[in-house]
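For reference, the structure discussed in these notes is given below.
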Amino acid sequence: MTKKINHIGVAVRSIDASAPFYRDVLGMVFEGTEVVAEQKVKVAFFSVGESRVELLEPTADDSPVAKFLEKNGEGTHHVAYEVDDLVATLARLKAAGVRLIDEVPRRGAHGTRIAFLHPKASGGVLTELCQGGGH
Ligand code: CMX
């Protein structure tokens, strides 16, 4: 069901301040930025092989990423796995008693459909499942 790691989300206060480390120091390929209004974040993607790092900058004080930064400071925010059929995967996880944040897919960056599992369901790692989009 899980095909690969699509991306690792990293919470940052400023994409502009953090981007040079990924682009210039690590030499990753900058793929662009996008505002994901539904999640109240601006994101920037840097590709590495088949996967990416997604920098997440909050666009509002009540963004989940703003709350994360306030509590933890900058750092790893979530791991996103790509699946073939997100709706079927969510149904299967729900039937298995896994605590879901999203029971139905939401819109993510690049036209993907995404859903989060609660970090308490996955050993303290906020887990995103995603399907489709322009990646
Ligand atoms: N990783 C691991 N644990 C996390 C976490 C994270 N990113 N965010 C919160 N937690 C933990 C908290 O530390 C807390 O643990 P304790 O109870 O042990 O202290 C617990 O989860 C509950 O946290 P909370 O602060 O009480 O609850 P929040 O209101 O902050 O909600 C969460 C947390 C995960 C449910 C919420 O952030 C959420 O719904 N996230 C999904 C959406 C999202 O993160 N969007 C941004 C990315 C969008 C994108 O990639 O496009």
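Each ligand, and each atom within it, is numbered from 1 in the order the structure gives.
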More than 12 non-hydrogen atoms from neighbouring residues, nucleotides or ligands closer than 6.0 Å to [atom1] on [X], yes or no?
| X | atom1 | result |
| --- | --- | --- |
| Lys94 | NZ | no |
| Asp61 | CG | no |
| Glu70 | CD | no |
| Arg107 | CZ | no |
| Arg99 | CZ | no |

Which heavy atom of the protein is the closest neighbour of [atom], given with residue, atom name and distance?
| atom | answer |
| --- | --- |
| atom 2 (C) of ligand 1 | Gly124 O, 3.1 Å |
| atom 11 (C) of ligand 1 | Pro119 CG, 4.1 Å |
| atom 5 (C) of ligand 1 | Phe68 CD1, 4.0 Å |
| atom 27 (O) of ligand 1 | Lys67 NZ, 4.0 Å |

Tell me the nearest of [options] to [atom], using heavy-atom distances.
| atom | options | answer |
| --- | --- | --- |
| atom 49 (C) of ligand 1 | Leu56, Val36, Val125 | Leu56 |
| atom 18 (O) of ligand 1 | Gln39, Lys120, Lys71 | Lys120 |
| atom 36 (C) of ligand 1 | Ser63, Pro64, Pro58 | Pro64 |

Would you say atom 31 (O) of ligand 1 touches the protein, meaning some protein heavy atom is under 4.0 Å from it?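 There is no protein heavy atom less than 4.0 Å from atom 31 (O) of ligand 1.
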
What atoms in ligand 1 come closer than 4.0 Å to a heavy atom of [X]?
| X | value |
| --- | --- |
| Leu126 | 1 (N), 2 (C), 6 (C), 7 (N), 34 (C), 44 (O) |
| His78 | 50 (O) |
| Glu128 | 50 (O) |

Side chain, backbone, both or neither: [X] near ligand 1, heavy atoms under 4.0 Å:
| X | value |
| --- | --- |
| Val43 | neither |
| Ile101 | side chain |
| His77 | both |

Kindly assign one of parallel, tilted or perpendicular to the pair Phe30 and Phe46, based on the angle between their ring planes and the thresholds 30° and 60°.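 Tilted.
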
Thr112 side chain to Ile114 main-chain N or O, any donor-acceptor pair under 3.5 Å?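 Checking the backbone N and O of Ile114 against the side chain of Thr112, no donor-acceptor pair under 3.5 Å is found.
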
To the nearest 0.5 Å, tell me how far [X] [atom1] sits from [Y] [atom2].
| X | Y | atom1 | atom2 | answer |
| --- | --- | --- | --- | --- |
| His77 | Leu126 | NE2 | CG | 5.5 Å |
| Phe116 | His78 | CZ | NE2 | 5.0 Å |
| Ile5 | Glu50 | CD1 | CD | 11.0 Å |

Can an N or O of Glu54 be found at a distance shorter than 3.5 Å from an N or O of ligand 1?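 Looking only at distances, the answer is yes, because the N/O contact criterion of under 3.5 Å is met.
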
